[in-house]
S.K.: 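Submitted below is the structure of interest, expressed as structure tokens.
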Number of protein chains: 2
Amino acid sequence: MTTAMQLTNVLKTLADPTRRAVFERIIREGEVAATGLVQGSKVSQPAVSQHLRALRDAGLVAERREGRHIHYRVAPKGLSPLIDWLGHYETFWAERFANLEKLLKESE
Amino acid sequence: MTTAMQLTNVLKTLADPTRRAVFERIIREGEVAATGLVQGSKVSQPAVSQHLRALRDAGLVAERREGRHIHYRVAPKGLSPLIDWLGHYETFWAERFANLEKLLKESE
DNA sequence: CAGATATATAAGCAATTGCTTATATGATTG
DNA sequence: CAATCATATAAGCAATTGCTTATATATCTG
């Protein structure tokens with residue numbers, strides 16, 4: 001079960017474009033060290049570090065220390081609060097316009 | 001097609017618990033006048049009005065004027081940026097742990 | 001140990017946010 | 001028209017946010 005607070009946390013965390021970009025890179029690259037994320041980022045190392053902390057606190061990423069490097073990866077259940085919330089209201093939406101799945105197919 | 005800005009807007013708009021509560025009431029009640037939303041809200045009428053504006057600006061709700069009442073309803077495509085974004089990364093997640101649909105079933 | 005590298009934390013600051021009270025606008029009713 | 005009801009806007013304010021620079025911590029290497 002997810003709480004409203006967890007959902008709020010996930011939404012807030014993903015709402016910042018810079019932070020979301022970091023998250024998307026972790027998704028795409030599978031497992032990245034913080035250094036790698038700083039490279040090619042528009043913001044400073046501390047800024048990236050702070051974003052990584054936020055992502056971790058929101059449960060969106062997990063980390064694995066390897067020597068002095070810390071590798072970040074997506075946390076499987078991190079998006080659950082969001083998916084759960086969408087799923088919870090799916091029935092309401094389905095009645096009124098279309099279901100989630102259909103919207104998914106229609107996208108792009 | 002949805003832009004990153006639209007997604008950011010939707011996420012930011014839903015990230016506030018009070019505003020999200022307003023949105024959820026609109027989902028559940030189908031079509032509500034602003035007055036109805038102020039009733040039973042913890043915040044003032046202007047606060048609700050500001051939240052409604054934010055929801056409308058994010059494309060999450062639509063309005064219909066009827067005399068001096070304005071009735072709000074969910075905008076069908078409002079969540080598209082969010083659904084699209086989840087869908088866009090679904091393949092990446094599927095490869096790594098589970099697909100969106102499965103997570104949806106597992107929820108609750 | 002000393003130096004280098006990887007990451008985190010601290011402090012400070014401008015910008016944004018969400019609320020309030022007060023007031024304005026718009027529509028209806030008598 | 002005047003009064004009332006529904007909603008929006010303005011102004012102000014405390015709290016939060018995202019960044020910066022400076023510094024600390026932790027790990028590795030020679």
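Note that the structure is a prediction, hence the values are computed from the model and not measured. For the numbers below, each heavy atom of this structure counts, side chains included, while hydrogens, waters and symmetry mates do not. Convention: sequence-line order gives letters A, B, ...; per-chain numbering from 1.
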S.K.: Mind running a 4.0 Å heavy-atom check of residues 55-64 of chain B against DNA chain D and sending the residues that fall below it, in number order?
M.R.: none

S.K.: Give a yes or no on whether a donor-acceptor pair under 3.5 Å exists between the nucleobase atoms of D/dT17, that is its base, and the side chain of A/Q50.
M.R.: no

S.K.: Please state whether the base of C/dA8 and the side chain of A/Q45 form at least one donor-acceptor pair under 3.5 Å?
M.R.: yes

S.K.: Kindly give the heavy-atom pair with the smallest separation between A/L37 and A/R25, and that separation in Å.
M.R.: O-NH1, 3.4 Å

S.K.: Could you tell me the separation between the NE2 atom of A/H51 and the P atom of D/dC19, rounded to a whole number of Å?
M.R.: 3 Å

S.K.: If you assign each of A/G67 and B/A47 to its closest nucleotide in DNA chain D, which residue comes earlier from the 5' end?
M.R.: B/A47

S.K.: Taking atom C1' of C/dT5 as reference, at what distance in whole Å does atom CD of A/Q39 sit?
M.R.: 13 Å

S.K.: Between A/I70 (CD1) and D/dA26 (P), how many Å, whole number?
M.R.: 11 Å

S.K.: Which whole-number value in Å describes the distance from A/H69 NE2 to D/dT27 C1'?
M.R.: 10 Å

S.K.: Which heavy atom of A/R73 sits nearest a heavy atom of A/G30, and at what distance?
M.R.: CB-O, 3.6 Å

S.K.: For B/P17 and A/T8, which heavy atoms make the closest approach, and how far apart are they?
M.R.: CG-OG1, 3.8 Å

S.K.: Respond yes when some side-chain nitrogen or oxygen of B/S44 is under 4.0 Å from OP1 or OP2 of C/dC19, and no when none is.
M.R.: no

S.K.: For A/R68 and C/dA6, give me the distance from atom CZ to atom C1', rounded to whole Å.
M.R.: 7 Å

S.K.: Which residues pass the side chain to side chain contact (heavy atoms under 4.5 Å, CB included) test with A/A15, not counting sequence neighbours?
M.R.: B/L11, B/K12

S.K.: Is any side-chain nitrogen or oxygen of A/R53 closer than 4.0 Å to OP1 or OP2 of C/dT9?
M.R.: yes

S.K.: Which atoms form the tightest heavy-atom contact between A/V38 and A/Q45, and what is the distance?
M.R.: CG2-CA, 3.9 Å

S.K.: Restricting to non-hydrogen atoms, name the atom on B/T3 and the atom on B/Q6 that form the minimum distance, rounded to 0.1 Å.
M.R.: N-OE1, 2.9 Å

S.K.: On DNA chain D, check which nucleotide each of A/P46 and B/A34 is closest to and give me the residue with the more 5' one.
M.R.: B/A34

S.K.: Count the heavy atoms of every other residue, nucleotide or ligand shown that sit under 6.0 Å from CZ of B/R64, and state whether that count exceeds 12.
M.R.: yes

S.K.: Is there a residue in residues 9-19 of chain B whose heavy atoms reach under 4.0 Å of DNA chain C, and which residues are they?
M.R.: B/K12, B/D16, B/T18, B/R19

S.K.: Measure the distance from NZ on B/K42 to C1' on C/dT20 and round it to the nearest whole Å.
M.R.: 17 Å

S.K.: Should the pair A/H69 and A/H71 be assigned to parallel (<30°), tilted (30 to 60°) or perpendicular (>60°) ring geometry?
M.R.: parallel

S.K.: Specify the closest pair of heavy atoms between A/T13 and A/N9, including all atoms of both residues, with the distance to one decimal.
M.R.: OG1-O, 2.6 Å

